[in-house]
Number of protein chains: 2
Amino acid sequence: MPGKGKWQNRFSGHGRRWTMPRETILQQLSRTNKHQSPKEIFLAINKFNPSIGLTTIYRTLELLDKMGVIHKLRIGDGQVRYELRGKEKEYHHHHLICTSCGKIIDYADFIDEEMELIKKTEKALNKKHNFIINNHNIEFYGLCEKCR
Amino acid sequence: MPGKGKWQNRFSGHGRRWTMPRETILQQLSRTNKHQSPKEIFLAINKFNPSIGLTTIYRTLELLDKMGVIHKLRIGDGQVRYELRGKEKEYHHHHLICTSCGKIIDYADFIDEEMELIKKTEKALNKKHNFIINNHNIEFYGLCEKCR
DNA sequence: ATGGTAATGATAATCATTTTCAATAACAAT
DNA sequence: ATTGTTATTGAAAATGATTATCATTACCAT
Ligand SMILES: [Mn+2]
Ligand SMILES: [Mn+2]
Ligand SMILES: [Zn+2]
Ligand SMILES: [Zn+2]
């Protein structure tokens, strides 16, 4: 049954339940490509649905992150932030963060060269330290157009 | 007067004062190449000098970071961590973080290739987004030898 | 030696995130 | 459709890291 939400199927048959709060939270994440904090998501939802509690936002975001549906960011501004994940290819990007106003810019330039270097580094580090690398995090800090 | 500590001069003549707590904190940072949290530093110092308060640790670490003497790390384990900075060349490195036990490994492999890519990326991002890039952060997450 | 003031430490306050727990609602089995 | 199981929820309290307050202390230029 199409139209019931593209995520519903990912919740069925795993002892998990498809609930209204979860659908609402995913809708809110879809509404923008910004990197939203739990509180921001809560406030946005709260305007039209005050019955969903902040605790549920936290729990759901954590779950969605574990499921791989969203991506958790920890830039250093005191709260966690989340963004929806796309398919691997179209999703992979890094962040440009303004240390003055906190603006976050997505970028995916030189991804190919970067991936090559990452692969090489991962292989070397794996051999050297016997360390299994699952993912990486790259971010640039500086001043955005307005703040420079 | 040598022996009085290699950092003392960095505190003179800027309206800043060279104090016993600051010297002790820098000593503690020198004692290991681990990435210590404020609380860890506090506990280590507290064993032989219980007169230094946690608040001072926080304030001093923040100051030292601003001065460029130490480097602040925010891996995602709930507390900030700091490490001493060496000279630019010998210092520059990234981190390998075990998501299971929290172990942090420094590495500096492929730094040259990496710097080349970083420079290229920085230039492109600057042109594209009119963003001034001051520094970057790269870290790999995975499982260490013991935790795999 | 002394005065101005940067630095300190104890305490309280903030603030994001977690935990607890009783009530609710999905949903598989009837 | 009704039921029973239990995953999920929301309110409230708890936690834990970091910050703000403020009276006291101690650098250090004079
Ligand atoms: Mn992004
Ligand atoms: Mn390091
Ligand atoms: Zn900005
Ligand atoms: Zn480990």
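Chain letters run A, B, ... following the sequence lines, proteins first and then strands; every chain starts at 1.
- A ring-centre distance under 6.0 Å is found for His35(B) and His95(B).
- Rounded to a whole Å, the CD1 atom of Ile45(A) is 10 Å from the P atom of dG10(D).
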Please write out the pairs of protein N or O atoms and N or O atoms of nucleotides 12-14 of chain D separated by less than 3.5 Å, giving the distance to one decimal.
{"residue": "dA12(D)", "atom": "N6", "partner": "Thr55(A)", "partner atom": "OG1", "Å": "3.3"}

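- Taking the centre of each ring, His92(A) and His136(A) come in below the 6.0 Å mark.
- Aromatic pair Tyr107(A)/Phe140(A): ring centres closer than 6.0 Å.
- Within the structure, every pair that satisfies the side-chain hydrogen bond (donor to acceptor under 3.5 Å, both in side chains) test and touches residues 50-60 of chain B, not counting sequence neighbours, is listed here: Asn49(B)-Ser51(B).
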Under 3.5 Å, side-chain donor or acceptor atoms of residues 96-104 of chain A against the rest of the protein: list the pairs with distances, not counting sequence neighbours.
{"residue": "Thr99(A)", "atom": "OG1", "partner": "Gly142(A)", "partner atom": "O", "Å": "3.2"}

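- Residue Leu54(B) contributes atom CG, which lies 11 Å from atom P of dT19(D) at whole-angstrom precision.
- When hydrophobic clusters are built by joining Ile, Leu, Val, Met, Phe, Trp and Tyr residues whose side-chain heavy atoms come closer than 4.5 Å, directly or via intermediates, Phe110(A) is not grouped with Tyr91(A).
- Atom CG of Asn46(A) and atom C1' of dA11(D) are 14 Å apart (whole Å).
- For the segment residues 69-80 of chain A, the set of residues with a heavy atom within less than 4.0 Å of an atom of DNA chain C comprises Gly78(A), Gln79(A), Val80(A), in numerical order.
- No side-chain heavy atom of Phe42(A) sits less than 4.5 Å from a side-chain heavy atom of Ser37(A).
- For the OP1/OP2 pair of dT8(C) and a distance below 4.0 Å, the side-chain nitrogens and oxygens of Arg22(B) include at least one atom meeting the criterion.
- For the pair Ile25(A) CD1 and dG10(D) C1', the computed distance is 12 Å after rounding to whole Å.
- Rounded to an integer number of Å, the gap from Glu23(B) CD to dA7(C) P is 16 Å.
- Applying the 6.0 Å contact sphere to CD of Glu116(A) captures no more than 12 heavy atoms from other residues, nucleotides or ligands.
- For the ring pair (Phe, Tyr, Trp, His ring centres under 6.0 Å) test, residues two or more places apart in sequence or in another chain that qualify with Phe11(B) are Trp18(B).
- A 4.5 Å side-chain heavy-atom check between Leu61(A) and Tyr82(A) finds at least one atom pair inside the cut-off.
- Atom-to-atom, CD1 of Ile41(B) to C1' of dA17(D) comes out at 14 Å; the value is rounded to the nearest Å.
- Protein atom CZ of Phe42(A) is 14 Å distant from nucleotide atom C1' of dT17(C), rounded to whole Å.
- Non-hydrogen atoms lying under 4.0 Å from DNA chain C are contributed by Thr56(B), Arg59(B), all within residues 56-66 of chain B.
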Identify each atom pair where a protein N or O and an N or O of nucleotides 27-30 of chain C are less than 3.5 Å apart, giving names and distance.
{"residue": "dC27(C)", "atom": "OP1", "partner": "Trp18(A)", "partner atom": "N", "Å": "2.8"}

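- Qualifying ring pair (Phe, Tyr, Trp, His ring centres under 6.0 Å) partners for His129(B), counting only residues two or more places apart in sequence or in other chains: none.
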- prompt: DNA chain D in dot-bracket, Watson-Crick or G-U pairs under 3.5 Å, [ ] crossing, | other strand?
  reply: ||||||||||||||||||||||||||||||
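- Judged as a salt bridge (Lys or Arg N to Asp or Glu O under 4.0 Å), the pairs with a partner in residues 40-57 of chain B (not counting sequence neighbours) are, in order, Glu40(B)-Arg81(B).
- Residue pairs meeting the salt bridge (Lys or Arg N to Asp or Glu O under 4.0 Å) criterion with at least one member in residues 67-76 of chain A: none, sequence neighbours excluded.
- Gln36(B) has its side chain within reach of Gln28(B): a pair of non-hydrogen atoms, C-beta onward, lies under 4.5 Å apart.
- Residue pairs meeting the salt bridge (Lys or Arg N to Asp or Glu O under 4.0 Å) criterion with at least one member in residues 128-148 of chain B, sequence neighbours excluded: Asp109(A)-Lys128(B).
- Among the protein residues, Ser51(B) comes within range of the sugar-phosphate backbone only, with heavy atoms under 4.0 Å from sugar or phosphate atoms but none that close to a base.
- Residues Ile138(A) and Ile118(A) meet the side-chain proximity criterion, which asks for heavy atoms closer than 4.5 Å.
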